[in-house]
Amino acid sequence: MEHITLLLAIVIVTALVFDFTNGFHDTANAMATTISTGALRPKTAVAMSAVLNLVGAFLSVEVAKTISGGIINEDGLRTEVIFAALVGAILWNLLTWLVGLPSSSSHALFGGLIGAAVMSAGWSSVNGGTVVTKVLLPAVAAPIVAGLAALLATRLTYRIGGKVRNDAQEKATAKGYRAGQIASAGLVSLAHGTNDAQKTMGIITLALVTGGVLHPGANPPVWVIVAAGTAIALGTYLGGWRIIRTMGSGLTDLRPPQGFAAQTSAATVILASSHLGFSLSTTQSCSGAVMGAGLGRQGGVVRWSTATRMFVAWGLTLPAAGLVGAGAELLTKQGTWGVVVVAVLLVAGSGAIWLVSRRKPVGHDDVAPAAVAAGPAGVVTTAIAAVSPPPTAAQATAQNLMTTIPAPTGTTQDPARPATV
C-alpha cells in the first residue's frame, strides 16, 4: 500500500465509484421481477440484494483475472489509461440510468478500456481473441440462452400447474411461486456479486500492476475484494428505481410463475459463465430471461418498443463508452493538467445528469406492483402464441362447462303470463 501514488489512488477511487454505479444500475437484474409481482417490498428487496452481492464478491476471482490479464496487454500500459476507461464507463452508466434503460455496465467498462488502450498504444494493445471469445460471443449468446431457458421453464411451469381449478388453489400456488422468487432473486444477487464485482476487482488489480505494486498475473488482494464487494453492495442498496421500473413492468407483465422461471434461468446462466471465466453481462442475461418468460405464458405480451430501445442501447454501449474513453485518454496524454481536466469533466457530467434526474425523480413508491396498460402484441409474440401447447384436460373441461346453449328460434311465451287450468 505504501507504493500507491496519488494518481493510482485516484484511479482506485474512480474504480470504486464505477462499482457503486454498477450496483444501483444493475439492481433491477435481481429484484425487478420480485418487486413487480409483489413477492418482496422494494426496500426489502434491494437490502437483500445488497447483502448477497457482498457475499458473492468473495466466491470467485476467475472473471477478475480475465479482465486484469486477458482483454488488454499489461506491458507498457499507463495508469492514466485505466482512469480514462473508467470515465467512459461511469458516464455511460449514468446516462442510461437517467433514461431508465438496462444497458450493460460490463460492456461500458470494456468499451472504455478498449477505447482508452487503443488511443494510448494502438490496436496491438487489445487482445482481439479474448474480446471475441470472452466478451462479444457471450454478449450475443447470453440473452438468447437465458430467454429460451426462461420460455421453456415458463411453459413447463404452467403445464405442471394446469390442474389449478379454483381461486383458493391459484392463490396458494402464487404464494408458493413468490417464495420461490425470493430464493431465485437471492441466487441472481449472489451471481451478480460473483460476476460484476469481479470486474472492478480486475480493473483495480490491473491498475496496481501498471503502477508496479503487483506483478503481472497476480490475483486481486483481499482488500481489493472487500472494497469492490462493499462498493457494489452500497450501490445496490441505493436502488436503481428507474431501471427497476423498466425491467419490472415496462418490458412485459409478469406473474409469479414467470418471475420464478425468469430469475432461475438467468441465475443459472450467470453462475455458469462466472465459473468459466466469461465476463458476462448480467443485464443482458436477466433482460433476455424476462422477455422469454413473457413469451412463455399464453397471452403474454412483450412490449417491443421498450425492447427495441434496450437493444439499441446494448449495441451502442461498447462504441459509445469506447469513444468517451478514447477522448479522455487523449486528454490525459497531455500531462497532469489533462488528468485534472478529465476529472473535472467527470464530476461536472455526473452532477449535470443527477440534476436532470431530479426534475422527475423516481423512488421506491413508483416501482410497487401496479397495473400497466398492455401494449400490442408484436410479430414474435403472435408467432409464439400460435404454437402454444394445447390446453390441459382441466382447462378443456372448464371451457366446455362455460359453453352457452343458444336459445331456440321462433316465438317465446311471455314468462309473466299465468298458466290456464
With sequence neighbours left out, what residues match Ala228 under side chain to side chain contact (heavy atoms under 4.5 Å, CB included)?
Asp19, Thr200, Met201
Walk me through whether Thr332 and Glu80 qualify under side chain to side chain donor-acceptor pair (under 3.5 Å).
CA-CA 6 Å; Thr332 62; Glu80 291 87 344; over 6 Å; no
For Ala117, is there any backbone N or O sitting under 3.5 Å from a side-chain donor or acceptor partner on Ser125?
yes
I need the full list of side chain to side chain donor-acceptor pair (under 3.5 Å) pairs touching residues 336-353, with sequence neighbours left out, sorted by first then second residue.
none
Is it the case that the side chain of Ser357 and the backbone of Trp354 share a donor-acceptor pair, with hydrogens and angles ignored and the cut-off at 3.5 Å?
yes
Using the rule given for side chain to side chain contact (heavy atoms under 4.5 Å, CB included), can you reason through Val324 versus Trp92, listing the C-alpha separation, both sets of side-chain angles and the distance that settles it, and then say yes or no?
CA-CA 9 Å; Val324 176; Trp92 181 255; over 6 Å; no
Give a yes or no answer on whether the side chain of Gln284 reaches the backbone of Pro143 with a donor-acceptor pair at less than 3.5 Å.
no
Test log, rule side chain to side chain contact (heavy atoms under 4.5 Å, CB included), inputs Arg242 and Phe24
CA-CA 10 Å; Arg242 293 173 182 270; Phe24 73 75; over 6 Å; no
Approximate separation, where rounding is to 0.5 Å, of Ile243 CD1 and Asn93 CG:
8.0 Å
Are Leu346 and Thr14 close enough, and set up right, to give a side chain to side chain contact (heavy atoms under 4.5 Å, CB included), and what steps lead you there?
CA-CA 10 Å; Leu346 174 61; Thr14 307; 4.2 Å; yes
Among all residues two or more places apart in sequence or in another chain, which pass the side chain to side chain contact (heavy atoms under 4.5 Å, CB included) test with Leu330?
Met119, Gln334
Before giving the answer on side chain to side chain contact (heavy atoms under 4.5 Å, CB included), spell out for Leu16 and Ile204 the whole-Å C-alpha distance, their side-chain angles and the decisive distance to 0.1 Å.
CA-CA 9 Å; Leu16 293 177; Ile204 295 177; 3.9 Å; yes
Determine whether a donor-acceptor pair (N or O, by modelled atom type, separation under 3.5 Å) exists between the side chain of Ser120 and the backbone of Ala116.
no
Using 30° and 60° as the class boundaries, would you call the ring planes of Phe110 and His107 parallel, tilted or perpendicular?
tilted
Using a 3.5 Å distance criterion without hydrogens, assess whether the side chain of Thr21 forms a donor-acceptor pair with backbone atoms of Phe18.
yes
